[in-house]
Number of protein chains: 2
Amino acid sequence: MKPDQSIRYRMTKQKRVILDVLKATKTHPTADWVYEKVKKKIPNISLGTVYRNLNILKSQGEIIELCYGKGFSRYDGNASEHYHFTCDSCGKVLDVETPVATGLDEEVTRMMGVKVERHRLEFYGTCGDCSAVHSA
Amino acid sequence: MKPDQSIRYRMTKQKRVILDVLKATKTHPTADWVYEKVKKKIPNISLGTVYRNLNILKSQGEIIELCYGKGFSRYDGNASEHYHFTCDSCGKVLDVETPVATGLDEEVTRMMGVKVERHRLEFYGTCGDCSAVHSA
DNA sequence: CTACCTGCAAACTTTTTGCAGCCCA
DNA sequence: TGGGCTGCAAAAAGTTTGCAGGTAG
């Protein structure tokens, strides 16, 4: 969904709770996980509403949509630019605390004849917990 | 799909053509695009066969599965490590000709107490064609 | 020959959408 | 009050899978 400038978005109870759930977790949950979590506060909320609000929040830049494996997305309530590390062994996703390399954007902009606005950097490997299990 | 070591994969006409199509293009096509392209050489091939072979080729490391927007994958016949630029406006995906920064992996390995084995770097912005349209 | 592979079609998963009524600003 | 928003359910889009016959090695 592209951001639609002609619409004056409202704050509803549903959107508020969805955003709270996303801001409160450090995991990077799927839409369905958010749905289940929100249902504890608003039992009769529908999955369609969750998807609609996730798309609205994304188009407003409040949250980020991440895409790992095929067929489904994950959402990140931390919209500031940062990187991720995914463990190949247990699937855990961690935030990486490395300064964001904005110089890269400029370099690619110059080299490729395009206008780079942002980048996404994902690291993969084995996390500390999983290494410990293997070497133990 | 995980690589299944117990199966002795065969080379069939269908798999051969699918691989040729992927190696021959510089775009990063969807499964459906591959299907349409392969159909010109094997008119009665089925979409299921295309998906099955894409998964086999991926598990053998011959091709790479990329994941952008929700709900569908793209495939890259170039399995060597490299970066991508995606145009927000037209969706085109280009290969970025920047040397791969292996130093990043070591830095994150040291900082986070994890073992980084590889990373994926995706740039986003506006491509030359789309900028031209806007400013014309 | 014997696994593995194919085409077909149905099933499955995730996400979107049409509708009638509701509610935030 | 009116333009968005909701729940519901059906539909869409992408991908997987069961089956019976076909084929590579």
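Throughout, a chain's letter reflects where its sequence line sits, starting with A, and its residues are numbered from 1.
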- Item | Residues which pass side chain to side chain contact (heavy atoms under 4.5 Å, CB included) with B:S73, listed by chain and number, not counting sequence neighbours | A:K70, B:E65, B:Y75
- Name the nucleic acid region contacted by B:F72, choosing base, sugar-phosphate or nothing; use a 4.0 angstrom heavy-atom cut-off, strictly under.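 Contact class for B:F72: sugar-phosphate only.
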- Message: Regarding A:T30, tell me which of base, sugar-phosphate or nothing describes its non-hydrogen contacts under 4.0 Å with the strands shown.
- Response: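 It contacts nothing in the nucleic acid.
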- Could you tell me whether A:D20 and A:K41 have a side-chain N and a carboxylate O separated by less than 4.0 Å? no
- Using 4.0 Å as the upper bound for N to carboxylate O, is an ion pair formed by A:D88 and B:R118?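 The answer is yes: the pair qualifies as a salt bridge.
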- Note on the structure: Rounded to whole Å, the CG-P distance (A:N53 to C:dC24) equals 13 Å
- Separation of C:dT14 atom P from A:Y75 atom OH, nearest Å, is 12 Å
- Query: Any side-chain heavy atom of B:K92 sitting closer than 4.5 Å to one from B:T86?
  - Reply: no
- B:V34 versus B:L22: any side-chain heavy-atom pair under 4.5 Å? yes
- Query: Is the distance from OP1 or OP2 of D:dT16 to the nearest side-chain N or O of B:N55 less than 4.0 Å?
  - Reply: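 Checking B:N55 against D:dT16: at least one side-chain N or O falls below 4.0 Å of OP1 or OP2.
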- Query: Does OP1 or OP2 of C:dT16 have a side-chain N or O of B:K70 closer than 4.0 Å?
  - Reply: yes
- Crowding at NZ, A:K37 (>12 non-hydrogen neighbours, <6.0 Å): no
- Message: Need the bend value for the helix from C:dC1-D:dG25 to C:dA25-D:dT1: angle between end axes, 5 pairs each end, nearest 10°.
- Response: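 Taking five pairs per end, the axes differ by 50°.
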- Query: For DNA chain D, which residues in residues 35-48 of chain A have a heavy atom at a distance below 4.0 Å?
  - Reply: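 DNA chain D contact set from residues 35-48 of chain A: A:N44, A:I45, A:S46.
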- Query: Is the B:H28 ring parallel, tilted or perpendicular to the B:H84 ring (thresholds 30°, 60°)?
  - Reply: perpendicular
Shorter than 3.5 Å, N or O on both sides, protein versus nucleotides 18-21 of chain C: list them out with atom names.
unit_1: C:dG18; atom_1: O6; unit_2: A:R52; atom_2: NH1; d: 3.3

- Item | Closest approach of B:V96 to B:F85 (non-hydrogen atoms, all atoms of both residues) | CG2-N, 3.6 Å
- Message: Has A:K23 got a side-chain atom pairing as donor or acceptor with A:G77's backbone, closer than 3.5 angstrom?
- Response: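 Yes; judged by distance alone, with no hydrogens or angles, the pair exists.
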- Message: For the backbone of B:I45 and the side chain of B:T49, can you confirm whether one donor and one acceptor N or O come within less than 3.5 Å of each other?
- Response: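 Absent.
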- Item | Residue list, disulfide (SG to SG under 2.5 Å) with B:C127, at least two apart or on another chain | none
- Check each residue of residues 11-23 of chain B for a non-hydrogen atom within less than 4.0 Å of any atom in DNA chain C, then write out the ones that pass by number, or none. B:T12, B:Q14
- Task: Please say whether the positively charged group of B:R120, taken as NZ for Lys or CZ for Arg, lies over the ring of B:Y68, i.e. under 6.0 angstrom from the six-membered ring centre and within 45 degrees of the axis.
- Result: yes
- Item | Trace of the side-chain contact (heavy atoms from CB on, under 4.5 Å) decision for B:T126 with A:E117 | CA-CA 8 Å; B:T126 314; A:E117 272 145 25; 3.5 Å; yes
- If you check the B:T49 side chain, which of C:dC5, C:dT6, D:dT16 turns out closest? C:dT6
